[in-house]
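For reference, the structure is listed below as C-alpha cells.
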Amino acid sequence: MSSSRKRVNEENEGVSKRSKINHATSESEDEDPPMALTIDNKVVAPTPHFDTFWKFAADRNSAHINRRKGLPAPWTDNEVLNTHRFCNVYRVLDRASQYLIREVIEKGSQEPVEVIFRVVLFSTFTKIKTYQHLLKRIRSLTWATYTRDKYEGVLRPLYSRGVTLYTGSYIKPAANLGYSENFMNHLVILEDLMEELPEQLANAKFLVDVYKWLLTKPSMGEFTAYQLLLNLSYTSAMNFSEFDFVAVGLGARAGLRQCFGESLPRSLEVTVIRWMQATQYDHFERLGLSFDGLGSNRAPLMLCDIEHTLCELDKYVRVTTGVSRGRPYTPSDAEPLEPLCLPKAWESCAREKCRIKTKKEANWSTDLVEKYDVESIIAHKVVKGQTQLRVRWRGYTEEDNTWEPESVLVQDAPLAVESYWAMVNSNSASSRNI
C-alpha cells in the first residue's frame, strides 16, 4: 500500500494539519462550551453532529473489523448500526467496490484500454448480477471485440422480462441518444466514453481535468462522474494521489449541514472536507475513540472516504432523530465476506505526489459549483423567516430530496422556481374558486 495512504497528507493548501478547535466561554457551566474552528481565516462553528460523525465512523469501522475477524454478531454496541444498513466508512470496502477490484479489474486482460472498458461497463450498471450475466453469455468482455448488437442481445431479454439491470443505489437516467430504452442509450454513452477516455487518462496532468471532461458527456452528472472516477482510481490506468481531488455530492452536502449547519458556505465545503481528513486523528483522540483504520497498515480515511461517510452520517442522523426509517437490517441478513482485496494500483509510487491544480480549484472552482440538475420543486417551508424549497434532483432517489434556500435556487434554477410558484398559485386559485 502506498505510503500516501499511511499518513495524513501535509500538502493540502489552506488547511492546518492540527485541529484549530477553540472552546469559547459557556453561558452555563452545565452546558458543553460551543466550538469554533478556523479554516482559511474564516470561523465555522460545528454542531453537536460534528462529533456524531466521528463516533459513527469509529463504530461502523469497528463493526466491519469485528465481522471480518469472524466474531459472532452483533458486531457493535451501537443499536442503530445493529438494526439499520449503512455503508462502510471506507468506500473500497463496500461489496460493489470489492467485486470491482477482485473480479472486474484484476481478472482479464491488463491492457489499459481493456481494464478501462471493463470498469466503465461495470460502472454503467453497477449491478454485480448484470455484469456476471454479461460475463456468462459473452465470456470475453473486451473493447476489442465489443459490438452494440452483441451486448444488446444479452441485455434485451433481461429487460423484456422486467429484470432490473441497475442497482437501486445508482439511479441513472440516460439522455435520449436514439433509443427508448435506458440500457441501449447507456451502451451508446459507453461507446462514446471509450473513444476518448483511455487517451484522457493517459495524458491527464490533474485529476480534476478528467472529472471536468467526464462532466461534458451525456447524462454524466456530478454524482455519476465522481463514482466512475473513483472506480477508475482503483486501476493503474491513472495514478493520482488520493489527496488530489474530491467532489461534494448531494449526500455529503447534507452531511456537512448536519455537522456545520445551514450557514456553511459552499465555497468552503471542499476545504472543510480536506480539514476533516487532515485532522481526523485529533478528533478520534479528543473524543476517546479507537479507530483502527484500513487494512494492516491502518490507513486513515481519505478524502473520498470523508465525503462518502458524510452521506452515511446524514442517513444516520435522520434515523436517530426519527426523520427517516432508514433501511432495516439484521446481522443474519449479512452475506459472508470475501477476503479483503485492496487495489494493487495503490502501490504505485506515482501516487505519492499530490497534484492540486490551483488553490482556487482545490476549493471547488466556480465553474464546478452547481451542476446538479433540478428535476422539480415539490414543496416549500419557511424557517426563521427564510423560504426553503424541497428539490427533487434528476438522477437521484426520493431519499436524496433536499431542502434548499430559495435565494440560491432563484439563481441556479430560476425556471424550476418559477414553475413551482406558478403551480402553487394556480392550486391556490383553484381552491378559492371551489
Who passes side-chain hydrogen bond (donor to acceptor under 3.5 Å, both in side chains) against [X], sequence neighbours left out?
{"X": "Thr142", "answer": "Thr145"}
{"X": "Glu312", "answer": "Lys315"}
{"X": "Arg257", "answer": "Glu404"}

Drop me the distance from [X]'s [atom1] to [Y]'s [atom2], to the nearest 0.5 angstrom.
{"X": "Thr47", "Y": "Phe53", "atom1": "OG1", "atom2": "CZ", "answer": "12.0 Å"}
{"X": "Tyr159", "Y": "Asn182", "atom1": "OH", "atom2": "CG", "answer": "8.0 Å"}
{"X": "Leu165", "Y": "Thr126", "atom1": "CG", "atom2": "OG1", "answer": "12.0 Å"}
{"X": "Phe125", "Y": "Phe183", "atom1": "CZ", "atom2": "CZ", "answer": "8.0 Å"}
{"X": "Phe86", "Y": "Arg327", "atom1": "CZ", "atom2": "CZ", "answer": "8.0 Å"}

Can you name the residues that form a salt bridge (charged side-chain N to carboxylate O under 4.0 Å, His left out) with [X], not counting sequence neighbours?
{"X": "Arg156", "value": "Glu152, Glu181"}
{"X": "Lys217", "value": "Asp192, Glu196"}
{"X": "Arg95", "value": "Glu335"}

[X] side chain vs [Y] backbone, donor-acceptor pair below 3.5 Å:
{"X": "Asp305", "Y": "Tyr90", "value": "no"}
{"X": "Gln280", "Y": "Leu301", "value": "yes"}
{"X": "Arg137", "Y": "Leu155", "value": "no"}

Report task. Kindly indicate, with the supporting measurements, whether the criterion side chain to side chain contact (heavy atoms under 4.5 Å, CB included) is fulfilled by Thr224 and Leu228. Result -> CA-CA 6 Å; Thr224 307; Leu228 176 56; 5.6 Å; no

Would you say the side-chain atoms of [X] and [Y] include a donor-acceptor pair closer than 3.5 Å?
{"X": "Tyr316", "Y": "Asp59", "answer": "no"}
{"X": "Tyr420", "Y": "Arg390", "answer": "no"}
{"X": "Tyr166", "Y": "His186", "answer": "yes"}
{"X": "Glu191", "Y": "Tyr146", "answer": "yes"}
{"X": "His64", "Y": "Arg60", "answer": "no"}

Query raised in the report: Which pair of heavy atoms, one from Val104 and one from Val119, lies closest together, and at what distance?
Result: CG1-N, 4.1 Å

Report summary line: Heavy atoms of Val317 and His49 approach each other most closely as CG1-NE2, 3.5 Å

Query raised in the report: Only one of Leu158, Ile138, Ile128 forms a side-chain contact (heavy atoms from CB on, under 4.5 Å) with His133, so which one is it?
Result: Leu158

Requested in this report: Please determine which of Glu106, Lys107, Lys344 meets the side-chain contact (heavy atoms from CB on, under 4.5 Å) test together with Ile101.
Outcome: Glu106

**Report entry** More than 12 heavy atoms from other groups under 6.0 Å of CD on Gln132
**Finding:**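 Yes.
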
